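Scroll down for the structure; my scribbles are underneath it.
Throughout, protein chains are lettered first and strands after them, A, B, ... in sequence-line order, and every chain is numbered starting at 1. Both backbone and side-chain heavy atoms feed into the values below; hydrogens, waters and symmetry mates do not. Only a predicted model underlies this, so the values are computations on that prediction, with no experimental measurement involved.
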Amino acid sequence: MAAMNCNIALVWMHDYLDDELPHDDVLQLKTHLLACPACRERFEQLERTEALTHKLMDARIVAGADQSLQLKKRIMSGLPLKRRKAGWTRWIRKHPAVTVAAVFTLVMFSSFLAMWQQDTDLTVRGTDLAQLVIEGDTVTVPEGALVKGDLTIENGKANVLGDVDGNVTVIEGSLYQASTAHISGKVKTIDQALDWFWYKVTHSISSLAY
Amino acid sequence: MKSVEARLAQLALKGDQRAFSEIVDMYQDKLYHMAYRMLYNRQEAEDVVQDTFLRVYNNLERYDDTMKFSTWIYRIATNLCIDRLRKRKPVYSLDAESNDHEGLDGYAMIPSDDRTPESELLLSDTQRIIHQAIDTLPAKYKSVMVLRYLQELSLQEIGEVLDMPVTTVKTRVHRGREFLRKKLEHKL
């Protein structure tokens with residue numbers, strides 16, 4: 001066996017004192033200590049330090065029964081009278097992700113709700129608006145006219161007498177469709193906040209897609 | 001199965017003061033002893049113990065019962081002790097290791113203020129020498145050494161209490177031990 005390096009021996013001494021040196025290494029360390037007086041002395045010093053420290057730390061001379069009782073009184077009387085009510089704050093702490101999601105949804109929903117209520121102006125959207133007749137809040141597709149493309153009317157009455165070659169969507173309003181009218185696409189009336197919300201979401205997503 | 005402490009904590013959380021007083025009984029002396037060994041001052045040790053229980057009480061709902069209760073409470077108490085030790089010392093670049101004293105940093109160079117209470121005067125010379133040696137240990141080594149020798153925690157447990165890797169704990173135990181050895185070398 002090669003002679004052990006003293007620096008390694010020192011690390012092993014500490015490991016030994018920490019009860020962390022494998023058995024085989026203990027034997028090797030002992031062999032080194034027998035051969036090396038300097039390390040042997042170092043080890044003895046460490047062992048003595050270890051023992052004395054342990055002994056001193058363990059000496060329970062500090063807290064008398066009386067002092068201990070006094071301290072306990074002080075601790076118990078120093079507690080706040082009423083515990084802060086834990087309830088929902090505790091739940092929030094335990095479920096941060098859910099809480100963040102809930103707050104987000106709430107904020108989003110209320111802002112959509114606010115937008116939905118605020119928006120009272122008549123809005124007409126479509127690709128072919130030239131033939132439309134707008135009177136007050138009524139948007140009329142005159143008889144015999146052909147509107148090409150989709151038509152969206154917000155906050156107003158739609159009066160379809162002619163033909164629409166596309167979808168007709170009425171938001172927060174009413175739709176009158178004459179028997180002579182012809183709408184090639186879908187007809188949708190939206191007057192619920194949730195429908196409106198859904199319409200806005202799908203619309204902004206599809207407008208992103210194109 | 002839940003530990004006794006975890007169940008008491010749950011009762012205390014519901015407002016049962018008696019349950020909390022049981023917890024105080026279980027840990028008060030241990031914490032006092034530990035705080036005293038770190039601070040060497042009765043008043044400060046008592047303050048730390050009281051502070052620890054106050055924090056425990058106010059944060060009962062945060063106690064995560066997958067962690068040992070003792071680990072949690074020791075963590076709170078050690079942190080309070082370390083805070084106090086740090087506040088005592090003037091701020092130098094303490095973590096810089098000095099060249100002529102291998103393994104020891106600036107903390108060791110600051111003479112300790114003598115906070116030994118009268119009762120400690122009854123100690124033998126040997127004990128007083130060790131006492132002084134421990135008192136001059138830098139804060140970061142002291143907490144490790146106190147947990148190691150007083151609470152007899154394993155390196156792993158000390159790591160959990162102090163929230164640091166075991167390798168760091170190991171290094172600090174070794175350095176702390178060498179520090180004490182050096183202090184005691186010519187005196188014993």
Side-chain angles (χ1 to χ4, degrees), chain A residues 7 9-21 41-96, chain B residues 12-15 17 20-21 24-25 28-29 32-34 36-37 42 45-46 49-54 57-58 60-62 64 117 119-120 122-123 126-131 133-134 145-146 148-152 154-155 169-171 173-185 188:
Chain A
N7 287 330
L10 181 60
V11 174
W12 285 20
M13 283 180 219
H14 282 288
D15 285 343
Y16 174 78
L17 293 171
D18 287 337
D19 281 328
E20 292 219 324
L21 194 63
E41 204 201 320
R42 184 82 173 248
F43 183 69
E44 277 164 11
Q45 283 178 355
L46 283 172
E47 263 196 322
R48 205 161 40 178
T49 307
E50 183 88 347
L52 289 170
T53 310
H54 232 122
K55 200 177 151 205
L56 181 89
M57 290 265 197
D58 211 37
R60 288 198 166 263
I61 48 153
V62 284
D66 192 43
Q67 189 201 349
S68 173
L69 205 70
Q70 288 288 325
L71 179 56
K72 189 178 172 189
K73 269 191 198 156
R74 205 178 116 191
I75 292 164
M76 292 310 288
S77 61
L79 298 179
L81 278 177
K82 261 193 165 177
R83 278 198 48 76
R84 281 178 291 124
K85 210 56 203 135
W88 61 277
T89 52
R90 185 188 185 195
W91 190 90
I92 283 174
R93 277 200 200 103
K94 285 202 170 176
H95 303 88
Chain B
L13 197 55
K14 288 176 189 154
Q17 288 251 339
F20 192 76
S21 119
V24 174
D25 281 336
Q28 184 194 318
D29 288 346
Y32 177 77
H33 202 176
M34 186 182 86
Y36 184 80
R37 286 299 175 212
R42 267 168 201 265
E46 287 195 0
V49 175
Q50 189 183 9
D51 260 20
T52 305
F53 282 114
L54 190 64
Y57 190 77
N58 283 335
L60 274 174
E61 70 267 13
R62 288 204 211 185
D64 164 14
S119 66
E120 298 285 359
L122 302 169
L123 294 172
T126 320
Q127 279 177 311
R128 195 154 53 239
I129 290 165
I130 306 162
H131 205 147
I134 295 171
M145 298 301 268
V146 169
R148 176 95 184 113
Y149 291 98
L150 184 64
Q151 311 293 358
E152 301 197 321
S154 68
L155 299 183
V169 176
K170 204 165 162 176
T171 313
V173 168
H174 292 191
R175 286 189 176 180
R177 198 186 274 131
E178 285 294 340
F179 178 97
L180 293 179
R181 186 192 65 80
K182 269 201 172 159
K183 286 262 168 184
L184 303 176
E185 194 177 19
L188 299 179

Atom CD of A/E41 with >12 non-hydrogen neighbours under 6.0 angstrom: no
B/H174 and A/L10, any side-chain heavy atoms less than 4.5 Å apart: no
B/E46 side chain vs A/L71 backbone, donor-acceptor pair below 3.5 Å: no
Stepwise side chain to side chain contact (heavy atoms under 4.5 Å, CB included) check, A/T53 with B/R148: CA-CA 10 Å; A/T53 310; B/R148 176 95 184 113; over 6 Å; no
Short N-O contact, A/R42 and B/E178, less than 4.0 angstrom: yes
A/T49 and B/E185, any side-chain heavy atoms less than 4.5 Å apart: no
Side chain to side chain, B/Y32 and A/S68, heavy atoms closer than 4.5 Å: no
Any side-chain heavy-atom pair of B/V173 and A/H14 under 4.5 Å: no
Rounded distance [0.5 Å steps], CD1 in B/I130 versus CG in A/L52: 4.0 Å
Closest contact, heavy atoms only, A/P80 versus B/Q17: O-NE2, 4.3 Å
Donor-acceptor under 3.5 Å (B/Q50 side chain, A/G78 main chain): no
Largest heavy-atom contact set with chain A, pairs under 4.5 Å, which of B/D51, B/T52, B/L180: B/L180
Side chain proximity check, A/M76 to B/F53, heavy atoms < 4.5 angstrom: no
Approximate separation, where rounding is to 0.5 Å, of A/M13 CE and B/R177 CZ: 11.5 Å
Contact check, side chains of B/E152 and A/H54, non-hydrogen atoms, under 4.5 Å: yes
Minimum side-chain heavy-atom gap B/L184-A/R48 below 4.5 Å: no
B/Q28 side, atom CD; A/I75 side, atom CD1 - distance, nearest 0.5 Å: 4.5 Å
Contact class of A/Q70 relative to chain B, heavy atoms under 4.5 angstrom: neither
Interatomic distance, A/Q45 atom CD to B/R181 atom CZ [nearest 0.5 angstrom]: 5.0 Å
